[in-house]
Amino acid sequence: MKTVFLLLAQYDARAIIPIDTVCRDYFPHLEVDKLVRKIALGEIALPLVRIEKSQKSAKGVHIQDLADYIDARRAEAQKECDQLRG
């Protein structure tokens with residue numbers, strides 16, 4: 001099953017998911033400002049979409065980018081698991 005389709009169902013087919021929602025659902029160990037900072041520093045490879053150029057504009061994550069991030073994390077975990085099993 002494709003991750004993007006699962007996310008579309010989870011988020012009612014919205015293209016952009018608000019950063020606070022992404023934080024709540026996938027990074028509950030972080031505060032929203034800390035997540036935004038980690039994204040800006042490149043520590044978390046997740047593109048942040050701003051609806052306008054203003055710093056105060058709403059921020060979110062495109063659903064395909066979130067799906068790609070989740071799939072990449074899964075691939076890393078699968079690789080690590082395969083290495084441990086030999």
Pair R73 + E76: basic N to acidic O under 4.0 Å:
yes

When rounded to the nearest 0.5 angstrom, what distance separates CZ in R74 from SG in C81?
10.5 Å

Spatial distance of atom CZ (R14) from atom NE2 (H62) [nearest 0.5 Å]:
13.0 Å

Rounded to the nearest 0.5 angstrom, the CZ-CG distance for R24 and L30 is 14.5 Å

List the steps, then state whether side chain to side chain contact (heavy atoms under 4.5 Å, CB included) holds for I17 with L7.
CA-CA 10 Å; I17 311 306; L7 291 174; over 6 Å; no

Are any non-hydrogen side-chain atoms of I63 and I16 less than 4.5 angstrom apart?
no

Stepwise, does the salt bridge (Lys or Arg N to Asp or Glu O under 4.0 Å) test hold for D82 with R85?
CA-CA 5 Å; D82 291 345; R85 288 191 285 181; 2.8 Å; yes

Is it possible for you to say whether F5 and V61 belong to one hydrophobic cluster, with membership spreading through side-chain heavy-atom contacts below 4.5 Å?
yes

How would you list all residue pairs meeting ring-ring contact (aromatic ring centres under 6.0 Å, His included) that involve residues 8-52, not counting sequence neighbours?
F27-Y69

Would you call Q55 and R50 a side-chain contact if the rule is heavy atoms closer than 4.5 Å?
yes

Within 6.0 Å of CD in E31, more than 12 heavy atoms from elsewhere
no

Drop me the distance from L46's CG to K38's NZ, to the nearest 0.5 angstrom.
13.0 Å

Path from V4 to V22 over hydrophobic side-chain contacts below 4.5 Å
yes

Does atom CD of E80 have more than 12 heavy-atom neighbours from other groups under 6.0 Å away?
no

Verify side chain to side chain contact (heavy atoms under 4.5 Å, CB included) between I44 and L35, making sure each step is shown before the conclusion.
CA-CA 8 Å; I44 296 177; L35 175 59; 3.6 Å; yes

Are L8 and V49 joined in one hydrophobic group, where the rule is that I, L, V, M, F, W and Y side chains link up if heavy atoms are under 4.5 Å apart?
no

Which heavy atom in E52 sits nearest to a heavy atom in S57, and how many Å separate them?
O-OG, 3.0 Å

Applying salt bridge (charged side-chain N to carboxylate O under 4.0 Å, His left out), which residue pairs with at least one partner in residues 53-71 are found, sequence neighbours left out?
none

